[in-house]
Amino acid sequence: MTWISVTPQIFAALCIILVPGGLLAFAGFRLRWLAALAVSPVLSVSLVAVAAVLADVVGLPWSLLPVAVLTVLATAAAALLRRVWTRREHPAPAPAGRAILLAEAAAVLGAAALVGRRLIYAFGAPENFSQTFDNIFHLNAIRYIAETGSASSLSLGGMTGIGFYPAGWHGLVSLVNSLTSSSIPVSVNAVNLVIGAVVWPLGCIFLVQQIAGRKIVPTLIAGVLSGAFGAFPLLLVDFGVLYPNFLGVSLIPAVLGILLSVLGLARRSGSLRLMWLLLILAIPGLGLAHPSAFLAVTAFSVPLVVAAVIRRVRLEHSAGRAVRAWLYVLAFALYAAGVVVLWNSVRPEENTLIWSPYQTQAQAMGDVLASAPLQSAISWAVLVLTLFGFAALVLRRAPWWAGGMYVVGGFLYVVATGAPDGDFRDLITGGWYTDNVRLAALLPVATVPLAALGGTLIIDWLNSRLWHPAVERLSARGWRADRVQAATAAALLLVVAVAAVATQKQNVRDATMAAAGNYKLTDDAPLVSRDEYELMERLDLEIEDGARLVGNPWTGSSLVYALAGQRPMQMHTLAVLDPAEQEIYADLRNALADPDVCPALEEEQVEYVLDFGEQEIHGGDHPYPGLEDLESSGAVELVDSEGDAKLYRITACD
């Protein structure tokens with residue numbers, strides 16, 4: 001299968017991710033085109049995730065219908081409120097010039113190419129799947145949604161016996177899967193390609209424009225920088241795999257851009273009430289993509305809120321309104337208290353905080369500055385741009401709070417990877433399970449704006465010191481204005497192209513190669529080997545409808561659900577087992593002598609055993625005594641095999 005052959009699946013993913021939220025952004029809020037496209041993914045995730053919960057409540061099977069209904073209602077309500085709230089406001093500003101429109105298009109398309117080619121290389125073939133621990137849950141969850149007709153965040157966890165689980169990513173993939181009738185891995189890769197190559201760059205460009213203005217230079221540099229990091233988006237499609245976290249991080253820049261408008265810090269802001277409404281509608285998508293993304297926005301908001309409050313207090317004091325100034329101070333105190341409460345409430349159980357620091361705090365600070373987290377290669381081009389970003393702050397060519405966001409992101413990473421293990425580290429980074437990788441993936445969010453401001457400072461300097469005098473000489477020699485403009489555009493594109501090449505070095509290449517290693521189907525793949533995969537492909541011809549299989553889930557046998565459509569007894573390694581399941585795992589091989597085994601098998605409708613040998617994901621050892629030495633137990637008969645992978649039928653209860 002080639003990537004060209006899955007164009008329909010990629011197009012479907014684009015539509016699911018952009019169209020519902022795009023309709024709301026364009027028709028409901030009347031945002032300009034790039035802003036509307038940038039915020040449409042988080043609005044789409046809100047609509048999809050909330051529609052899934054509502055559909056489950058009213059008993060409506062999961063499909064595009066509840067999403068379409070909620071989209072129409074939300075768009076109509078937003079359009080009505082916009083008309084009421086903006087009736088007396090000034091007319092909209094004049095349309096943007098062609099140059100900035102072309103720059104925005106070039107930035108988006110160029111970023112999609114930079115990031116997309118890396119992701120395609122990492123995935124390999126469209127039908128490949130990540131051979132990592134968490135993917136057992138993620139792939140099986142898509143099959144579970146198709147069978148149960150529910151993609152609700154309140155019910156998806158039922159697949160493994162838990163409660164709430166953020167299902168925004170799974171809802172998107174399930175819709176693409178149902179629309180295109182493709183395999184689950186193809187649907188997953190199509191959605192992830194769109195998230196990484198479209199959603200993330202759009203958000204980065206939008207955030208930079210909110211800070212630096214809708215200008216050509218920062219727009220183009222933001223596009224280049226969105227593809228300049230190994231830490232994101234590549235890291236989160238490699239480690240874990242953390243697909244919901246991957247979606248959540250990709251949405252953060254757009255939400256921060258909205259927040260800047262709400263706080264009055266953006267270069268261009270619409271109606272304050274509309275911006276508040278937009279932020280409120282974005283929050284469910286952010287939280288149901290992954291709660292840690294909401295926590296990250298909360299952290300990044302601290303310098304932004306401080307800046308907004310300082311500005312408002314100064315304005316009120318200068319106008320002689322001391323009482324209103326103190327009200328803003330009180331509002332900030334309430335906000336700070338809310339952040340503290342949130343920080344403590346979202347922290348998971350202490351026994352899940354399993355990740356430890358591995359370096360000194362000084363080394364961690366160097367990682368942040370060099371954009372080289374987790375002992376990766378230094379990204380020299382990004383380092384230079386970041387240093388010039390600090391220069392822009394010092395020269396007051398950029399707002400200080402842009403540096404504040406960078407400090408927040410760096411602080412979280414330094415605490416996670418370099419602070420002593422203990423209560424303070426758990427308090428600060430517990431919302432991310434003290435996981436170094438999850439916090440490393442946040443660094444690009446903080447670095448892109450500062451580095452883009454640094455790149456803008458460099459180009460402005462080149463323009464004033466080199467290009468502007470050259471233009472004056474060309475004009476003096478009789479060059480027409482159109483030729484000068486063309487030469488200027490060509491020079492700018494050359495500088496941006498150099499920046500693009502300079503950022504695609506070892507840091508990004510290493511991350512791509514590392515991710516690619518996890519998507520290969522080989523004879524010794526850590527989760528599902530080639531032999532195991534080929535055996536699963538034949539199961540439709542060998543297992544009757546309604547029969548279930550049992551196997552050691554740590555060996556990848558549970559993926560028979562996602563990859564072959566056969567229902568395993570346990571769908572993930574981390575699942576709550578009932579007494580009958582525990583009996584099967586403990587005593588199946590003794591079925592001829594143990595009177596409790598056959599009733600347990602009947603209760604669970606288990607008739608087959610899928611034996612994938614002893615190799616477990618992460619090289620672990622999780623013995624299931626009832627599944628050991630089955631062939632000599634007399635309780636089963638061999639039905640099929642491929643290499644060391646075997647399918648047995650349970651005969652003890654015939």
Side-chain angles (χ1 to χ4, degrees), residues 122-124 128-144 156-157 159-162 165-167 169-170 173 184-185 188-189 191-192 232-249 290 292 348-349 351-356 358 374 432-441 511 514-522 524-530 532-533 536 550-564 568-577 585 610 612-624 627 645:
F123 298 153
N128 286 354
F129 55 92
S130 176
Q131 300 267 351
T132 49
F133 176 79
D134 291 85
N135 212 23
I136 303 172
F137 177 87
H138 297 318
L139 296 188
N140 281 346
I142 307 305
R143 181 77 66 187
Y144 186 77
L156 184 62
M159 186 183 84
T160 57
I162 62 175
Y165 188 90
W169 179 87
H170 301 86
V173 177
I184 289 174
V188 167
N189 289 335
V191 169
N192 286 340
F232 193 83
L234 289 161
L235 183 59
L236 294 189
V237 297
D238 175 12
F239 175 81
V241 282
L242 306 178
Y243 288 150
N245 203 268
F246 170 66
L247 173 61
V249 174
H290 202 280
S292 68
E349 297 294 329
N351 61 3
T352 65
L353 310 182
I354 61 175
W355 303 95
S356 301
Y358 67 91
L374 308 177
W432 293 270
Y433 303 96
T434 66
D435 185 354
N436 304 323
V437 172
R438 296 172 198 256
L439 289 162
N518 282 331
Y519 284 82
K520 293 179 180 178
L521 182 64
T522 61
D524 58 350
L527 188 59
V528 175
S529 68
R530 184 178 285 109
E532 293 163 353
Y533 185 81
M536 283 194 287
V550 64
N552 181 346
W554 293 87
T555 65
S557 66
S558 291
L559 273 177
V560 70
Y561 189 44
L563 301 179
M569 189 178 77
Q570 186 176 339
M571 296 184 190
H572 188 30
T573 56
L574 307 177
V576 179
L577 302 178
Y585 277 134
L610 195 58
F612 280 179
E614 297 181 357
Q615 177 180 299
E616 294 187 9
I617 187 70
H618 293 170
D621 182 20
H622 298 81
Y624 292 85
L627 304 183

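These numbers come from the heavy atoms of this one structure, side chains and all, not from hydrogens, waters or symmetry mates.
With sequence neighbours excluded, the residues that form a ring pair (Phe, Tyr, Trp, His ring centres under 6.0 Å) with Y585 are Y624. Residues passing the salt bridge (charged side-chain N to carboxylate O under 4.0 Å, His left out) test with D134: none are found, sequence neighbours excluded.
Between Y165 and H170, the ring centre distance stays below 6.0 Å.
Using a 4.5 Å heavy-atom cutoff, the side chains of D621 and W554 are not in contact. The shortest side-chain heavy-atom distance between L527 and T132 does not fall under the 4.5 Å cut-off. No side-chain heavy atom of F129 sits less than 4.5 Å from a side-chain heavy atom of H138. Between W432 and V437 there is no side-chain heavy-atom pair separated by less than 4.5 Å. Inter-residue side-chain proximity for E532 and L559 is flagged as unmet; no heavy-atom pair is nearer than 4.5 Å. Residues L156 and Y144 meet the side-chain proximity criterion, which asks for heavy atoms closer than 4.5 Å. When side chains are defined from C-beta on, L563 counts as touching P185, because their heavy atoms get closer than 4.5 Å.
Atom CG of L610 is separated from atom OG of S557 by 5.5 Å, given to the nearest 0.5 angstrom. Of the inter-residue distances, the one linking L439 atom CG with T434 atom OG1 reads 8.5 Å to the nearest 0.5 angstrom. With rounding to the nearest 0.5 angstrom, the CD atom of Q570 is 10.5 Å from the CE atom of M159. We find the CD1-OG1 distance between I617 and T573 to be 9.5 Å, quoted to the nearest 0.5 Å.
Heavy-atom minimum distance, G161 versus V576: O-CG2, 3.6 Å. Contact record, M536 with V560: SD-CA, 3.5 Å, taken as the closest heavy-atom pair. Between S558 and P568, the closest heavy-atom pair is O-CG, 3.7 Å. The minimum heavy-atom distance linking A441 with L235 is given by the pair N-CD2, 4.4 Å. Closest of all the heavy-atom pairs between R530 and L521 is NH2-O, 2.9 Å. Taking each heavy atom of G613 and T555 in turn, the nearest pair found is O-CG2, 3.5 Å.
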Using side chain to side chain contact (heavy atoms under 4.5 Å, CB included), reason through I142 and W169 one step at a time and then give a plain yes or no. CA-CA 10 Å; I142 307 305; W169 179 87; 4.2 Å; yes

Please step through side chain to side chain contact (heavy atoms under 4.5 Å, CB included) for the pair R143 and I184, ending with a clear verdict. CA-CA 8 Å; R143 181 77 66 187; I184 289 174; 3.9 Å; yes

Evaluate the side chain to side chain contact (heavy atoms under 4.5 Å, CB included) criterion for residues R438 and H290: first the C-alpha distance (whole Å), next the side-chain angles of each, then the deciding distance (0.1 Å), finally the verdict. CA-CA 12 Å; R438 296 172 198 256; H290 202 280; 4.1 Å; yes

With side chain to side chain contact (heavy atoms under 4.5 Å, CB included) as the criterion, how do L242 and V249 come out once you've worked through the C-alpha distance, each side chain's angles and the decisive distance to 0.1 Å? CA-CA 11 Å; L242 306 178; V249 174; over 6 Å; no

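Between the side chain of E616 and the backbone N or O of H622 there is at least one donor-acceptor pair closer than 3.5 Å. Of the possible polar contacts, one joining the Q615 side chain to the A525 backbone as a donor-acceptor pair under 3.5 Å is found. Judged by distance alone, with hydrogens and angles left aside, the side-chain atoms of N189 form a donor-acceptor pair with the main-chain N or O of N128 at under 3.5 Å.
Shown are F232, F246, F133, W355; of these, the ring-ring contact (aromatic ring centres under 6.0 Å, His included) with F239 is made only by W355.
A side chain to side chain donor-acceptor pair (under 3.5 Å) check over residues 235-249, counting only residues at least two apart or in different chains, returns the pairs D238-N518, Y243-Y519, N245-S292.
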